[in-house]
Amino acid sequence: MILIQGKGVSKGVAKGPLYFFQRPDTTVVKQVVSDLEAEKARLAAAQAASMEQLSALAEKCREEAGDETAILFETHAMFVEDEDFVECMMDIMEGESCNAEYAVEQAGQQFAEMFAAMDDAYMQARSADIKDVARRILDNLMGVVAGGIDSDVPVILAADDLAPSETLQLDKSKILAFATQGGSGNSHTAILARTMGIPAICGAGDALKEAYSGREAYIDGETGALYLEPDDVTLGVLIEKKRKQDEMKALLETMKGKEDVTLDGRKMMLYCNIGSPEDVTSVIDNDGQGIGLFRSEFLYLAASDYPSEEEQFQAYKKVAAAMNGKRVVIRTLDIGADKQVDYFDMKKEENPAMGVRAIRICLNRPEVFRTQLRALYRASAYGKVAIMFPMITSVWEVKECKRACAKVMAELEAEGIPFNKDTEIGIMIETPSSVFVSDQLAKEVDFFSVGTNDLTQYTLACDRQANDLGKFFDPHHPAVLRALKMATDNAHKAGIWIGICGELGADISLLPTFLAIGIDELSVSPTSVLPLRAELRKSIAKTCTLEKLELN
Ligand code: PEP
Ligand code: MG
């Protein structure tokens, strides 16, 4: 048996022949050119061709792999036209009187190295994207056709590091799994594999040899292992894993259209978290019963200036209408801390997680708040919109938010613009203080949604961004669970519903605890809905206990 150990980045077991991705030769030779203008025109044509291909790929992606991956190609298109990148290519061509190919290759390398040297793991992973973009422009300059799979049977595709666009252009019916020598779990290729539900491992290094091409292999996307000629024991484990996985897939399919209810009749609303209007497709595909958290900040993060009322209205309306009467909770702007937006021109803070963020920005900048509220109320005429305020710590903040809502409603009324005056208003419970005064807050609003990501951060004094806090960042901590219980009791006393929209909501192991606490709603990523539904429908609420709260 040969075991090649990489990092599992997309779960699942697959078996098939190993096939090494054949990339056409694009060796670049530096040439001195006399007609620089002609060379610039060649580059411009290659850029235009790249833009066209990327827009077609984004479209293909939307149909095949969802929006997250489509955005990848839109980002690539931005790189193609990025001012700094283009300037760098031009400078090289002019400075060295050289051919466009050489300038593209050099600029691509410089930018890839720059990204790779950044501290942030996400930004480091963008290095692969810039290489991908440079390779595309080069292919267009050299008239090269992208590589494919020359095999009649489906294969486990191996490569040094598969560029995301290479991944997408491949014939999916021929791919059982991916294995790469390089790459990271943060890379878009890994994201793409996960979205498409194809097992994948990365970082297998030199152990993944081209000489193994054609040999039968097994891949386990959970453990990151790739086996050639597995021994009987390993084979048994892999076969059993695959059987369970197929069974699970089939079971989840049968969950579509079923009610979210326990065996003893306790209902729970299983909703979805989304980050952009395009994510609604995935909500519908996974049979989400509503949207419990629409992070509206995507509109601000993606723009280079404040998004207008009309732009926001169109985005919210699209989601509200697509959900066809199902509840859509839209959270008002939650920037600051890890989500910085240049044009807000925020002062640098020592402790941004505890600084001017989320609702604090909105209350400090009434015009920004008003624009968003007007867009939200206008959208409320097109579906069941609910408005949610993030990072609440005090009752006065909620009162001020409600005053802003009342003012906007009065304006719209006077202007004869339709809106739903009964639009639900809710708040996020994500600070310890909001838990402690949840009895008072519950009297002010229609619902609570617990942001366990921030609630864990602030309750345990653990930075949610830090990678090295390890066991100290523990969302299962009894303090977090007791906070949930306290907020739930106070919500129910006031007759309002309470949900969880932080990552903890998708933690199936805590479902009995959530049932025991009395949580009414869980808002999770779309792909977590059906597994949760399957578990919920097997549960008996009245036998669930509060053991994890360690109250005794
Ligand atoms: C949370 O804090 O749990 C939450 C859902 O909000 P975000 O992750 O966007 O801060
Ligand atoms: Mg939060």
Side-chain angles (χ1 to χ4, degrees), residues 68 122 269-276 279 283 288 290-302 319 327-341 349 351-363 372 386-394 397-398 401 426-435 438 441 447-467 469 473-477 479-481 483-484 487-488 497-507 510 514 517 519-526 528-529 532:
E68 200 180 351
Y122 180 82
M269 301 176 273
L270 295 186
Y271 287 1
C272 297
N273 292 348
I274 63 166
S276 78
D279 294 343
V283 177
I291 290 170
L293 170 63
F294 177 7
R295 291 179 160 100
S296 71
E297 51 273 14
F298 88 95
L299 274 165
Y300 297 80
L301 291 165
V319 176
R327 190 184 270 126
V328 176
V329 178
I330 307 178
R331 174 175 78 183
T332 59
L333 178 62
D334 183 8
I335 60 160
D338 53 314
K339 298 173 204 149
Q340 290 295 332
V341 180
E349 294 171 306
N351 250 322
M354 298 198 209
V356 184
R357 59 169 291 202
I359 203 63
R360 299 173 185 175
I361 297 180
C362 290
L363 295 179
Q372 182 166 36
I387 301 175
M388 177 159 77
F389 302 112
M391 272 292 287
I392 294 294
T393 55
S394 314
E397 293 165 343
V398 180
C401 289
I427 54 167
M428 292 196 65
I429 298 289
E430 50 185 350
T431 60
S433 73
S434 66
V435 175
S438 53
L441 290 168
F447 65 93
F448 283 164
S449 185
V450 185
T452 48
N453 309 335
D454 277 316
L455 185 62
T456 306
Q457 150 162 281
Y458 296 124
T459 303
L460 303 183
C462 270
D463 182 353
R464 64 188 266 190
Q465 298 291 107
N467 285 330
L469 279 164
F473 189 93
D474 174 18
H476 284 222
H477 194 295
V480 177
L481 300 177
L484 263 177
T488 305
W497 62 270
I498 178 166
I500 298 177
C501 62
E503 292 304 305
L504 199 65
D507 188 334
L510 281 182
F514 297 152
I517 289 175
I519 296 292
D520 302 296
E521 178 245 22
L522 295 175
S523 190
V524 295
S525 69
S528 296
V529 167
L532 269 172

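Residues: numbered from 1 along the sequence shown. What you see below is based on every heavy atom in this structure, not just the backbone, and it leaves out hydrogens, waters and symmetry mates. Indexing begins at 1, ligand by ligand and atom by atom, following the structure's order.
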side-chain hydrogen bond (donor to acceptor under 3.5 Å, both in side chains) involving Q372 - partner list, sequence neighbours excluded
S296, Y316

What pair of heavy atoms forms the shortest contact from V480 to D474, and how long is it?
CG2-O, 4.2 Å

Partner residues of R295 under the salt bridge (charged side-chain N to carboxylate O under 4.0 Å, His left out) criterion, sequence neighbours left out:
none

Ligand 1: which residues have a non-hydrogen atom closer than 4.0 Å?
L293, R295, R331, D334, K339, M428, E430, G451, T452, N453, D454, R464, C501, G502

Exercise: identify the closest heavy-atom pair between A506 and S528
CB-OG, 3.9 Å

Ignoring hydrogens and angles, state whether a donor on the side chain of S434 or E430 is under 3.5 Å from an acceptor on the partner side chain.
no

Any donor-acceptor pair under 3.5 Å linking the side-chain atoms of S523 with those of N273?
yes

Decide salt bridge (charged side-chain N to carboxylate O under 4.0 Å, His left out) for D334 and R360; before the verdict, give the C-alpha distance in whole Å, the side-chain angles of both, and the deciding distance to 0.1 Å.
CA-CA 9 Å; D334 183 8; R360 299 173 185 175; over 6 Å; no

Is any NZ, NE, NH1 or NH2 atom of the basic residue among E297 and R331 found under 4.0 Å from an Asp or Glu carboxylate oxygen of the other?
yes

Parallel, tilted or perpendicular for W497 and F447, by the 30°/60° rule?
parallel

How many N, O or S atoms of the protein are nearer than 2.8 Å to the Mg ion (ligand 2)?
2

